[in-house]
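What follows is a single structure, written as structure tokens, with notes after it.
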Amino acid sequence: MKILSPAGNLESLKMAIYNGADEVYLGINDFNARNNIEGFTLETLKPSVDFAHIYGVKVHLAINILFSSTELQKALDVVCSCLNMGVDAFIVQDLGLISLINKLYPQAEIHLSTQMGIHNLEGILALKDYKFKRVVLSRETPLQEIKRIKENTDIEIEYFVQGALCVSFSGNCYMSSYLFSASGNRGKCKQLCRLPFTLKKQGKILKKGYLLSAKDFNMISRLDDLKNAGVDAIKIEGRARRPEYVALATREYYNAMNGVDTNLDNLKLAFNRNYTEGYFNGNGAIISDIQNHIGIKVGKVEKVETGKRFNRVIFSSNRPLYPKSTFKFFYNKKETIVTAYDLVSLSVDTYALTTTSKVQAQSDVHLIIDQNLEEKACSFVKKRSVQIDIYAVKNQPIKAVAELDGQYIEVSGQVLLESLNRPLERDEIISNFAKSEFYKGEITIKQLENVFITKQNLNEFRRQVFEKVTEFLTRAPISVEPKKLPSLPIINPIKNFEIVRDINEDFNQEIVIFSPEFYKTDDVRNFVDKCQKLGKKAYLDTPNFALEKDIKFLKDIISSCKIGIVANNYYALNLTDDVIIGGGLNVYNHFTANQLKYPFFTAEGELGQRQNYYYMTLRHCPMKNLLNSSCEKCLYQEGYEYVLDSGKTFKLSRKKLSDCTFYLSD
């Protein structure tokens with residue numbers, strides 16, 4: 001398996017490469033799902049791509065937002081420019097853009113973004129005609145489905161193993177979009193899930209806290225499972241994180257992949273909101289009671305000496321601590337952050353610091369930034385080894401032959417004359433070629449006669465050799481010309497539809513979509529009969545998440561009841577030919593609409609009639625996470641609500657196939 005690390009800037013990219021990444025992923029400003037960070041521009045990208053390629057590390061460009069029709073030309077221009085810079089692959093969500101890259105730049109390597117919500121074999125097969133090399137599976141994909149995909153396709157699989165875990169199903173969170181016109185699918189998420197919520201039922205308060213704040217992903221103990229399942233690349237989340245995070249996280253996964261003991265505390269210090277293995281163990285415990293970094297617990301406050309301006313905090317610790325480290329003090333669910341510039345050791349396990357902040361005695365002490373650890377992680381530098389054969393023969397140019405990836409580069413310098421008093425020596429050549437920022441020259445002296453060269457000329461020869469090596473490693477493998485966006489007919493979304501949850505509701509529109517809580521053949525058949533009597537077109541709303549047995553069950557219902565479907569995920573395109581594209585498939589531009597071909601409506605965007613889609617799709621079970629429920633004694637029934645402090649209320653509902661998927665709606 002390869003390690004794919006995040007790079008929010010050049011420093012993070014260096015930390016990823018120095019600490020063992022095989023690949024890095026990054027984004028261009030305004031065209032990726034992390035628009036809240038500094039990122040890269042077309043002007044700053046080329047040096048970063050070159051730096052990565054010097055070390056044999058591939059660069060993946062995340063151009064993974066939904067595009068309006070008028071933005072697609074600029075997106076294509078970015079792809080063209082980045083291909084000419086040598087970018088190795090493009091991570092894409094928008095199906096319209098994928099189709100355009102296929103047609104106009106077939107040389108480009110495409111990776112399907114996790115934002116496409118692909119989580120089963122059928123989803124991949126529905127997109128088989130598109131030329132993509134890799135799929136970034138949604139974080140909700142269980143282990144058995146990874147195996148099934150690998151056993152039945154030759155597509156590379158990428159899977160997240162570390163970092164932030166979105167509480168909503170990949171690509172189907174619209175809370176930020178609906179409330180603040182800041183679409184998560186456009187890289188503008190307001191992260192409302194990290195705010196406090198209150199869980200109520202019929203007005204009664206059941207729980208308060210960070211009820212939608214997910215723990216962080218940590219799969220370091222499951223790497224063998226992932227490898228055996230056929231995962232090709234493991235992905236570390238964190239383009240918005242500091243370079244120190246990238247260094248620490250990459251190094252620990254590199255160690256784990258190479259048989260070196262790992263240090264879970266180092267990962268926790270990089271960043272954690274408590275850890276989870278996500279959905280590998282069912283749809284259970286992913287919700288944390290916190291919403292920010294907690295580091296590791298190292299001790300307890302023994303005493304606080306209050307001063308007129310500064311307070312002296314004396315606390316125990318179970319590990320060595322260093323000045324300039326940062327601590328969080330927790331007391332009665334309140335936290336105080338202090339960076340300890342003046343930290344002093346009072347004994348082996350007792351420390352003191354001064355602060356203007358109020359810290360309570362008996363507070364739990366958490367270390368959230370270990371200055372010593374981070375300095376060590378970021379001080380590590382490596383060079384690329386290059387095998388170089390040297391020939392120094394009298395009356396011939398000094399020559400170097402460098403071997404790179406099975407190819408040979410020959411560089412010649414000045415003609416060498418016989419030495420009269422200070423011949424060129426072997427150690428002089430070796431020490432000279434050690435003077436490189438990027439390369440470690442593995443020098444083999446093939447021929448060395450009694451010749452002379454000045455130090456200045458030897459330095460110049462070394463520079464020429466490494467310049468040629470750099471040119472070879474950073475060359476773009478292809479050159480392409482900008483292409484113009486083709487014209488396509490404008491397809492407007494359907495308007496005359498309605499969605500019903502109960503077959504006893506009134507049917508008023510021409511198209512009636514049945515969206516049940518439980519998928520029962522008799523209920524669907526009764527719905528179809530009622531629509532036929534009323535002269536309506538009947539469609540079944542399919543869930544945006546389904547496992548293998550769920551898909552078989554849905555096919556049986558659709559076949560026996562002879563009903564069309566609304567597809568909210570790519571897998572559903574394989575269920576029948578009578579399809580309406582639903583909000584969950586994110587038709588954001590006319591090119592996507594033309595690709596899908598079927599009638600559609602949208603969850604967000606500029607194409608007209610919009611389905612009032614769910615604010616969030618939840619693959620975890622709120623009943624288990626918040627109320628200690630179980631499947632055997634399920635507490636769910638209608639009436640549960642999540643309420644923001646602003647008073648905005650979201651109703652909790654569910655769809656049940658082999659297990660439950662929950663939804664938040666008005």
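Heads up: numbering here begins at 1 and tracks the sequence. Owing to the predicted nature of the structure, the values given are computational and were not obtained by experimental measurement.
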Requested in this report: Verify side-chain hydrogen bond (donor to acceptor under 3.5 Å, both in side chains) between N272 and D216, making sure each step is shown before the conclusion.
Outcome: CA-CA 6 Å; N272 88 92; D216 281 359; over 6 Å; no
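Using a 4.5 Å cut-off on side-chain heavy atoms (C-beta onward), V566 and F601 make contact. Between I63 and L97 there is a side-chain heavy-atom pair separated by less than 4.5 Å. Looking at heavy atoms from C-beta onward, I290 lies in side-chain contact with N274 at the 4.5 angstrom threshold. Here the side chains of P543 and N568 are not in contact, with every heavy-atom distance at 4.5 Å or above. Using a 4.5 Å cut-off on side-chain heavy atoms (C-beta onward), L127 and I118 make contact. Contact of the F514 side chain with the D541 side chain is not registered, since no non-hydrogen atoms from C-beta on lie closer than 4.5 Å.
K190 NZ: 12 or fewer foreign heavy atoms inside a 6.0 Å radius. Atom NZ of K150 has more than 12 neighbouring heavy atoms from other residues, nucleotides or ligands inside a 6.0 Å radius. Counting heavy-atom neighbours within 6.0 Å of K648 NZ, excluding the residue itself, gives a total above 12. The number of heavy-atom neighbours closer than 6.0 Å to CG of N496, taken from other residues, nucleotides and ligands shown, is above 12.
Without hydrogens or angle criteria, N218 side chain to Y275 main chain gives no donor-acceptor distance under 3.5 Å. Using a distance-only test at 3.5 Å, with no hydrogens or angles considered, a donor-acceptor pair links the side chain of S288 to the main chain of R273. Not a single donor-acceptor pair under 3.5 Å links the side chain of E156 to the backbone N or O of D232. Remark: the backbone N or O of S183 is not paired with any side-chain donor or acceptor of S176 at under 3.5 angstrom. Side-chain atoms of T141 come within 3.5 Å of backbone N or O of S138 as a donor-acceptor pair. Side-chain atoms of E237 come within 3.5 Å of backbone atoms of A164 as a donor-acceptor pair (strictly under, hydrogens ignored). Without hydrogens or angle criteria, N625 side chain to I286 main chain gives a donor-acceptor distance under 3.5 Å. Using modelled atom types, no side-chain atom of S653 and backbone atom of K651 make a donor-acceptor pair closer than 3.5 Å. Panel note: side chain R194, backbone A214; a donor-acceptor pair is recorded below 3.5 Å. No donor-acceptor pair under 3.5 Å is formed between the side chain of E151 and the backbone N or O of R148.
K483 forms a cation-pi arrangement with Y105, by the criterion of a distance under 6.0 Å to the ring centre and an angle within 45° of the ring axis.
Note that OG of S99 and CG of L72 are 8.5 Å apart. Values are rounded to the nearest 0.5 Å. One distance of note links CD1 of I234 with OG of S5; it measures 8.5 Å at 0.5 Å rounding. Put simply, CG on N64 and NE2 on H111 are 13.0 Å apart, with the number rounded to the nearest 0.5 Å. Here the straight-line distance linking atom CD1 of I124 with atom CG of L112 works out to 8.0 Å at 0.5 Å rounding. A distance of 10.5 Å separates CD of E145 from CG of L143, quoted to the nearest 0.5 Å. Once rounded to the nearest 0.5 Å, the distance linking CD of E498 with CG of N508 reads 5.0 Å.
Residues satisfying the ring-ring contact (aromatic ring centres under 6.0 Å, His included) test with F507, not counting sequence neighbours, are F527. Legend: residues meeting ring-ring contact (aromatic ring centres under 6.0 Å, His included) with F650, ordered by chain and number and at least two apart, are Y615. The ring-ring contact (aromatic ring centres under 6.0 Å, His included) search around Y663 returns Y614, not counting sequence neighbours. Listed by chain and residue number, M219, S221, R222, N281 satisfy the side chain to side chain contact (heavy atoms under 4.5 Å, CB included) test with E277 (two or more places apart in sequence, or in another chain). Not counting sequence neighbours, the partners of F545 by the ring-ring contact (aromatic ring centres under 6.0 Å, His included) test are H119, F169.
The salt bridge (Lys or Arg N to Asp or Glu O under 4.0 Å) pairs that include a residue from residues 503-514 are E510-K537, where partners are two or more places apart or lie in different chains. Among residue pairs with one or both ends in residues 513-532, those qualifying as salt bridge (Lys or Arg N to Asp or Glu O under 4.0 Å) are E517-R654, D522-R525; sequence neighbours excluded. Identified under the salt bridge (Lys or Arg N to Asp or Glu O under 4.0 Å) test for residues 550-572, with sequence neighbours left out: K552-D556. For the ring pair (Phe, Tyr, Trp, His ring centres under 6.0 Å) condition, the pairs that include at least one residue of residues 124-167, sequence neighbours left out, are Y159-F280. Listed by first and then second residue, the salt bridge (Lys or Arg N to Asp or Glu O under 4.0 Å) pairs that reach into residues 99-117 are E109-K133, sequence neighbours excluded.
Using a 4.0 Å cut-off between charged side-chain N and carboxylate O, R134 and E158 make a salt bridge.
When each of K58, K235, K2 is checked for a salt bridge (charged side-chain N to carboxylate O under 4.0 Å, His left out) with E23, only K2 meets the rule. The side chain to side chain donor-acceptor pair (under 3.5 Å) test with T661 singles out one residue from K656, E140, R619, and that residue is R619.
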Per-pair distances, 0.1 Å, donor-acceptor, side chain in residues 577-591, under 3.5 Å, sequence neighbours excluded:
| residue | atom | partner | partner atom | Å |
| --- | --- | --- | --- | --- |
| D578 | OD1 | Y539 | OH | 2.9 |
| N586 | OD1 | Y174 | OH | 2.6 |
| N586 | ND2 | G171 | O | 3.0 |
| N589 | OD1 | F591 | N | 3.1 |
| N589 | OD1 | T592 | N | 2.7 |
| N589 | OD1 | T592 | OG1 | 3.1 |
| N589 | ND2 | F67 | O | 2.7 |
| N589 | ND2 | D94 | OD1 | 3.1 |
| N589 | ND2 | D94 | OD2 | 2.9 |

Hey, can you pull the donor-acceptor pairs under 3.5 Å for the side chains in residues 631-638, sequence neighbours left out?
| residue | atom | partner | partner atom | Å |
| --- | --- | --- | --- | --- |
| Y636 | OH | L652 | O | 3.3 |
| Q637 | OE1 | K201 | NZ | 2.8 |

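Donor-acceptor pairing under 3.5 Å is recorded for the side chains of E604 and S177. No donor-acceptor contact under 3.5 angstrom links the side chains of E548 and N120, judged on distance only. Between the side chains of T617 and N544, at least one donor-acceptor pair of N or O atoms lies under 3.5 Å.
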